[in-house]
Amino acid sequence: MRLMMIVLVLGCASNAPEEQPSPEPVTAGAEEPDEAVAGAVNEGSAIEPILSPDVSELVHSQAMFEGWTIVPLAQLERDDRIVVLVWPAIAPNGQVVDDDIIGLTLQRGDPLSVIEDNWSARSGIVDHLGGEPNDRERGEGVPAELLAELLSSLPALFAEHVAAGDREAAVEAAISFSRLFAFEHAVESDTVAELLGLHTRGARIESAAGPERGQVRARFYEGETMVEEELLIATETAPNRWVFTDHRRLDAGAR
(Lines give C-alpha, C1' and ligand atoms only; values in the text may rest on other atoms or scores of the structure.)
Protein backbone atom coordinates (compact mmCIF):
# COMPACT_ATOMS: atom_id res chain seq x y z
CA MET A 1 0.00 0.00 0.00
CA ARG A 2 1.43 3.37 -0.91
CA LEU A 3 1.99 5.83 1.88
CA MET A 4 -0.91 8.21 2.13
CA MET A 5 1.25 11.25 1.61
CA ILE A 6 1.60 10.22 -2.02
CA VAL A 7 -2.06 10.86 -2.69
CA LEU A 8 -1.62 14.49 -1.66
CA VAL A 9 1.14 15.22 -4.17
CA LEU A 10 -0.24 17.97 -6.33
CA GLY A 11 1.35 16.95 -9.62
CA CYS A 12 -1.11 15.48 -12.13
CA ALA A 13 1.39 14.11 -14.63
CA SER A 14 0.01 11.60 -17.11
CA ASN A 15 0.74 7.95 -16.46
CA ALA A 16 -0.76 4.58 -17.26
CA PRO A 17 -3.54 3.27 -15.02
CA GLU A 18 -2.44 0.83 -12.33
CA GLU A 19 -3.34 -2.83 -12.58
CA GLN A 20 -6.36 -3.70 -10.47
CA PRO A 21 -5.29 -5.33 -7.18
CA SER A 22 -7.06 -8.31 -5.66
CA PRO A 23 -10.03 -7.46 -3.45
CA GLU A 24 -9.26 -6.95 0.23
CA PRO A 25 -11.61 -7.24 3.22
CA VAL A 26 -13.63 -4.12 3.88
CA THR A 27 -13.67 -2.61 7.35
CA ALA A 28 -14.97 0.71 8.57
CA GLY A 29 -12.09 3.01 9.40
CA ALA A 30 -13.40 5.41 12.05
CA GLU A 31 -16.31 6.42 14.22
CA GLU A 32 -19.59 7.43 12.62
CA PRO A 33 -19.53 11.15 11.79
CA ASP A 34 -21.96 13.60 13.31
CA GLU A 35 -25.21 13.44 11.33
CA ALA A 36 -25.68 17.20 11.52
CA VAL A 37 -22.31 17.75 9.88
CA ALA A 38 -23.03 15.23 7.13
CA GLY A 39 -26.36 16.94 6.56
CA ALA A 40 -24.70 20.32 6.37
CA VAL A 41 -22.32 19.28 3.62
CA ASN A 42 -25.12 17.66 1.63
CA GLU A 43 -27.22 20.79 1.90
CA GLY A 44 -24.29 23.06 1.14
CA SER A 45 -22.48 21.28 -1.67
CA ALA A 46 -24.88 18.84 -3.33
CA ILE A 47 -26.81 21.64 -5.02
CA GLU A 48 -27.16 19.71 -8.27
CA PRO A 49 -26.36 16.12 -9.25
CA ILE A 50 -22.98 15.68 -10.92
CA LEU A 51 -24.53 14.19 -14.08
CA SER A 52 -27.58 15.38 -15.98
CA PRO A 53 -30.39 12.75 -16.10
CA ASP A 54 -29.87 11.74 -19.75
CA VAL A 55 -26.12 11.45 -19.35
CA SER A 56 -26.46 9.52 -16.08
CA GLU A 57 -28.83 7.01 -17.65
CA LEU A 58 -26.51 6.40 -20.60
CA VAL A 59 -23.36 6.10 -18.49
CA HIS A 60 -24.93 3.70 -15.99
CA SER A 61 -26.24 1.54 -18.84
CA GLN A 62 -22.77 0.78 -20.22
CA ALA A 63 -21.86 -2.90 -20.19
CA MET A 64 -18.45 -2.13 -18.69
CA PHE A 65 -20.17 -1.00 -15.48
CA GLU A 66 -22.46 -4.00 -15.09
CA GLY A 67 -22.47 -4.95 -11.41
CA TRP A 68 -20.25 -2.01 -10.49
CA THR A 69 -21.12 1.10 -8.51
CA ILE A 70 -19.61 4.25 -9.98
CA VAL A 71 -18.99 7.62 -8.34
CA PRO A 72 -19.57 10.44 -10.85
CA LEU A 73 -17.03 13.24 -10.44
CA ALA A 74 -17.56 15.63 -13.34
CA GLN A 75 -19.55 16.30 -16.50
CA LEU A 76 -17.81 18.71 -18.89
CA GLU A 77 -19.35 20.05 -22.09
CA ARG A 78 -18.14 21.86 -25.17
CA ASP A 79 -20.58 22.37 -28.03
CA ASP A 80 -22.12 18.94 -28.71
CA ARG A 81 -19.31 16.99 -27.01
CA ILE A 82 -19.51 15.76 -23.41
CA VAL A 83 -16.81 14.27 -21.22
CA VAL A 84 -17.82 12.36 -18.10
CA LEU A 85 -15.30 11.46 -15.39
CA VAL A 86 -16.19 8.66 -13.00
CA TRP A 87 -14.60 6.42 -10.40
CA PRO A 88 -15.67 2.75 -10.68
CA ALA A 89 -15.68 2.55 -6.90
CA ILE A 90 -17.32 -0.68 -5.80
CA ALA A 91 -16.83 -3.96 -7.65
CA PRO A 92 -19.62 -6.50 -8.16
CA ASN A 93 -18.30 -8.43 -5.14
CA GLY A 94 -18.80 -5.35 -2.92
CA GLN A 95 -15.12 -4.48 -2.55
CA VAL A 96 -13.28 -1.24 -3.28
CA VAL A 97 -10.34 -2.55 -5.27
CA ASP A 98 -9.04 0.29 -7.43
CA ASP A 99 -8.66 4.08 -7.47
CA ASP A 100 -8.41 4.89 -11.18
CA ILE A 101 -10.53 7.76 -12.50
CA ILE A 102 -11.72 7.03 -16.04
CA GLY A 103 -13.40 9.06 -18.74
CA LEU A 104 -16.16 8.53 -21.26
CA THR A 105 -16.65 10.76 -24.29
CA LEU A 106 -20.24 11.35 -25.40
CA GLN A 107 -21.71 12.94 -28.49
CA ARG A 108 -25.02 14.79 -28.36
CA GLY A 109 -27.41 13.79 -31.10
CA ASP A 110 -30.40 11.58 -31.66
CA PRO A 111 -29.64 9.52 -29.71
CA LEU A 112 -27.00 10.66 -27.22
CA SER A 113 -24.15 8.19 -27.67
CA VAL A 114 -20.81 7.10 -26.20
CA ILE A 115 -18.03 7.43 -28.78
CA GLU A 116 -15.08 6.53 -26.52
CA ASP A 117 -14.79 5.04 -23.06
CA ASN A 118 -12.42 3.72 -20.43
CA TRP A 119 -9.68 6.30 -20.94
CA SER A 120 -7.55 7.55 -18.05
CA ALA A 121 -8.49 10.95 -16.65
CA ARG A 122 -4.77 11.74 -16.68
CA SER A 123 -4.55 11.33 -20.44
CA GLY A 124 -5.85 14.79 -21.30
CA ILE A 125 -9.44 15.83 -20.70
CA VAL A 126 -9.21 18.81 -23.04
CA ASP A 127 -8.06 16.59 -25.91
CA HIS A 128 -11.05 14.29 -25.50
CA LEU A 129 -13.42 17.25 -25.24
CA GLY A 130 -11.95 19.04 -28.24
CA GLY A 131 -11.00 22.17 -26.30
CA GLU A 132 -11.61 23.90 -22.99
CA PRO A 133 -14.97 23.09 -21.37
CA ASN A 134 -17.70 25.67 -20.97
CA ASP A 135 -17.13 25.48 -17.20
CA ARG A 136 -15.92 23.07 -14.53
CA GLU A 137 -18.61 23.66 -11.92
CA ARG A 138 -19.09 20.63 -9.64
CA GLY A 139 -20.74 22.24 -6.62
CA GLU A 140 -17.38 22.39 -4.87
CA GLY A 141 -16.73 23.95 -1.49
CA VAL A 142 -18.12 24.07 2.05
CA PRO A 143 -18.09 26.65 4.85
CA ALA A 144 -14.63 26.96 6.40
CA GLU A 145 -15.84 25.76 9.80
CA LEU A 146 -16.79 22.37 8.31
CA LEU A 147 -13.53 21.60 6.52
CA ALA A 148 -11.72 19.84 9.38
CA GLU A 149 -14.66 17.70 10.48
CA LEU A 150 -15.65 16.65 6.97
CA LEU A 151 -12.10 15.77 5.94
CA SER A 152 -12.14 12.93 8.48
CA SER A 153 -15.85 12.12 8.82
CA LEU A 154 -16.83 11.71 5.16
CA PRO A 155 -14.20 9.03 4.33
CA ALA A 156 -15.21 7.19 7.51
CA LEU A 157 -18.85 7.41 6.45
CA PHE A 158 -17.96 6.07 2.99
CA ALA A 159 -16.15 3.09 4.53
CA GLU A 160 -19.07 2.41 6.84
CA HIS A 161 -21.59 2.38 3.99
CA VAL A 162 -19.36 0.13 1.86
CA ALA A 163 -19.03 -2.32 4.75
CA ALA A 164 -22.81 -2.29 5.24
CA GLY A 165 -23.46 -2.83 1.53
CA ASP A 166 -25.28 0.49 1.16
CA ARG A 167 -23.88 1.50 -2.22
CA GLU A 168 -26.15 4.48 -2.80
CA ALA A 169 -25.17 6.09 0.51
CA ALA A 170 -21.49 5.32 -0.18
CA VAL A 171 -21.73 7.20 -3.48
CA GLU A 172 -23.31 10.21 -1.76
CA ALA A 173 -20.50 10.30 0.83
CA ALA A 174 -17.84 9.97 -1.90
CA ILE A 175 -19.31 12.82 -3.96
CA SER A 176 -19.50 15.06 -0.89
CA PHE A 177 -15.86 14.26 -0.06
CA SER A 178 -14.76 14.98 -3.64
CA ARG A 179 -16.37 18.41 -3.40
CA LEU A 180 -13.94 19.38 -0.64
CA PHE A 181 -11.11 19.37 -3.20
CA ALA A 182 -10.30 21.45 -6.26
CA PHE A 183 -10.93 19.90 -9.68
CA GLU A 184 -7.36 18.80 -10.32
CA HIS A 185 -7.18 16.83 -7.05
CA ALA A 186 -10.68 15.33 -7.16
CA VAL A 187 -10.93 14.55 -10.87
CA GLU A 188 -7.62 14.78 -12.71
CA SER A 189 -5.73 12.77 -10.06
CA ASP A 190 -6.71 9.84 -7.83
CA THR A 191 -6.29 11.77 -4.57
CA VAL A 192 -9.93 11.48 -3.52
CA ALA A 193 -10.45 7.93 -4.76
CA GLU A 194 -7.32 6.62 -3.08
CA LEU A 195 -8.08 8.27 0.25
CA LEU A 196 -11.57 6.78 0.22
CA GLY A 197 -10.31 3.37 -0.81
CA LEU A 198 -7.69 3.32 1.93
CA HIS A 199 -10.37 4.03 4.52
CA THR A 200 -12.15 0.80 3.57
CA ARG A 201 -8.93 -1.02 4.50
CA GLY A 202 -8.52 0.44 7.98
CA ALA A 203 -6.78 3.76 7.27
CA ARG A 204 -8.07 7.00 8.76
CA ILE A 205 -7.56 10.76 8.95
CA GLU A 206 -7.50 12.75 12.16
CA SER A 207 -8.01 16.46 11.54
CA ALA A 208 -8.31 19.78 13.36
CA ALA A 209 -8.58 23.43 12.38
CA GLY A 210 -5.26 24.97 11.37
CA PRO A 211 -3.69 28.26 12.46
CA GLU A 212 -5.57 30.31 9.86
CA ARG A 213 -9.08 30.27 8.44
CA GLY A 214 -9.36 27.68 5.69
CA GLN A 215 -6.43 25.62 6.97
CA VAL A 216 -6.67 22.10 8.40
CA ARG A 217 -4.06 20.04 10.22
CA ALA A 218 -4.44 16.44 9.08
CA ARG A 219 -2.74 13.29 10.36
CA PHE A 220 -2.89 10.24 8.08
CA TYR A 221 -2.86 6.81 9.69
CA GLU A 222 -2.42 3.29 8.43
CA GLY A 223 -3.73 1.22 11.30
CA GLU A 224 -2.27 2.81 14.41
CA THR A 225 0.80 4.20 12.62
CA MET A 226 0.86 7.86 11.59
CA VAL A 227 2.47 8.02 8.17
CA GLU A 228 2.17 11.74 7.51
CA GLU A 229 0.99 15.02 8.97
CA GLU A 230 -0.01 17.78 6.58
CA LEU A 231 -1.38 21.30 6.69
CA LEU A 232 -4.11 21.37 4.05
CA ILE A 233 -4.84 24.81 2.64
CA ALA A 234 -8.24 25.77 1.26
CA THR A 235 -9.14 28.70 -0.96
CA GLU A 236 -12.38 30.66 -0.76
CA THR A 237 -13.83 30.32 -4.26
CA ALA A 238 -17.21 31.92 -3.43
CA PRO A 239 -18.63 33.59 -0.31
CA ASN A 240 -17.94 31.11 2.52
CA ARG A 241 -17.25 28.28 0.05
CA TRP A 242 -13.81 26.82 0.68
CA VAL A 243 -11.98 24.19 -1.40
CA PHE A 244 -8.69 22.44 -0.66
CA THR A 245 -6.10 23.57 -3.20
CA ASP A 246 -2.67 23.11 -1.58
CA HIS A 247 -0.80 21.41 1.27
CA ARG A 248 2.38 21.63 3.32
CA ARG A 249 4.12 18.75 5.10
CA LEU A 250 4.38 19.14 8.86
CA ASP A 251 5.62 15.72 10.00
CA ALA A 252 6.88 12.87 7.83
CA GLY A 253 5.60 10.26 10.31
CA ALA A 254 6.77 6.66 9.89
CA ARG A 255 7.99 6.93 6.34
Side-chain angles (χ1 to χ4, degrees), residues 2 6-23 48-93 95-140 158 167 170-171 174-175 177-198 200:
R2 286 184 285 173
I6 296 177
V7 305
L8 293 172
V9 174
L10 299 183
C12 296
S14 175
N15 61 0
E18 300 172 359
E19 292 185 2
Q20 188 177 46
S22 300
E48 296 287 346
I50 295 290
L51 305 183
S52 61
D54 58 339
V55 170
S56 179
E57 181 179 4
L58 179 60
V59 170
H60 282 88
S61 71
Q62 297 305 295
M64 64 183 293
F65 295 136
E66 184 176 358
W68 286 78
T69 295
I70 65 171
V71 175
L73 295 173
Q75 175 178 323
L76 308 176
E77 300 194 28
R78 177 184 171 86
D79 300 327
D80 58 356
R81 187 65 58 87
I82 302 171
V83 157
V84 175
L85 287 307
V86 302
W87 172 35
I90 307 174
N93 65 1
Q95 308 298 304
V96 176
V97 295
D98 205 353
D99 54 29
D100 290 331
I101 308 302
I102 66 171
L104 299 90
T105 309
L106 282 59
Q107 185 74 37
R108 285 208 180 275
D110 188 13
L112 177 69
S113 59
V114 175
I115 59 176
E116 189 175 3
D117 62 21
N118 201 23
W119 47 268
S120 170
R122 295 174 184 256
S123 67
I125 293 170
V126 170
D127 291 339
H128 289 275
L129 194 59
E132 290 293 336
N134 298 335
D135 64 63
R136 296 194 175 196
E137 175 59 41
R138 298 188 322 111
E140 295 171 346
F158 172 80
R167 296 187 179 213
V171 169
I175 290 173
F177 186 62
S178 80
R179 283 169 158 158
L180 300 180
F181 294 83
F183 187 93
E184 60 268 30
H185 311 311
V187 179
E188 293 180 318
S189 79
D190 60 5
T191 297
V192 163
E194 186 159 352
L195 282 173
L196 291 170
L198 287 170
T200 68

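Any value given below was found using the heavy atoms of this structure, including those in side chains, with hydrogens, waters and symmetry copies removed.
Taken to the nearest 0.5 Å, the OG1 atom of T191 stands 10.5 Å off from the CG atom of L196. Distance check: W87 CH2 to I70 CD1 gives 12.0 Å after rounding to the nearest 0.5 Å. If you take CG on L85 and CH2 on W119, they are separated by 5.5 Å, rounding to the nearest 0.5 Å. The distance from atom CZ of F181 to atom CG of L73, rounded to the nearest 0.5 Å, is 12.0 Å. The CG atom of L51 sits 10.5 Å away from the CG atom of L58 when rounded to the nearest 0.5 Å. Atom CZ of R78 sits about 8.0 Å away from atom CG of N134, to the nearest 0.5 Å.
S178 contributes a side-chain N or O that, together with a main-chain N or O of I175, makes up a donor-acceptor pair within less than 3.5 Å. No side-chain donor-acceptor contact under 3.5 Å links E184 to the backbone of A186.
Nearest heavy atom pair, residue D135 against residue L76, reads O-CD2, 3.7 Å. Taking both residues in full, the closest heavy atoms of P72 and I50 are given as O-CG1, 3.6 Å, listed atom of the first, atom of the second, then distance. Between A74 and R138, the shortest heavy-atom contact is CB-CD, 3.8 Å. Nearest heavy-atom pair across S189 and I101 is O-CG1, 3.8 Å. For the residue pair V114 and L104, the shortest heavy atom distance occurs at CG1-CD2, 4.5 Å.
Taking 4.5 Å as the limit, some side-chain heavy atom of I115 sits within range of a side-chain heavy atom of R81. The closest side-chain heavy-atom distance from D98 to P88 is not below 4.5 Å.
Under 4.0 Å is where a charged nitrogen must lie from a carboxylate oxygen, and between D79 and R108 no such pair does.
Heavy-atom contacts from other residues, nucleotides or ligands closer than 6.0 Å to CD of Q107 number more than 12.
For the salt bridge (charged side-chain N to carboxylate O under 4.0 Å, His left out) test, no residue two or more places apart in sequence or in another chain qualifies with D117.
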Report the C-alpha distance between F183 and E188 in whole Å, list the side-chain angles of each, state the deciding distance to 0.1 Å, and finish with yes or no for side chain to side chain contact (heavy atoms under 4.5 Å, CB included). CA-CA 7 Å; F183 187 93; E188 293 180 318; 3.6 Å; yes

Kindly list each side-chain donor-acceptor pair under 3.5 angstrom involving residues 124-132, sequence neighbours excluded, with atom names and distances?
from: H128; atom 1: ND1; to: E116; atom 2: OE1; distance (Å): 3.4
from: H128; atom 1: NE2; to: S123; atom 2: OG; distance (Å): 3.3

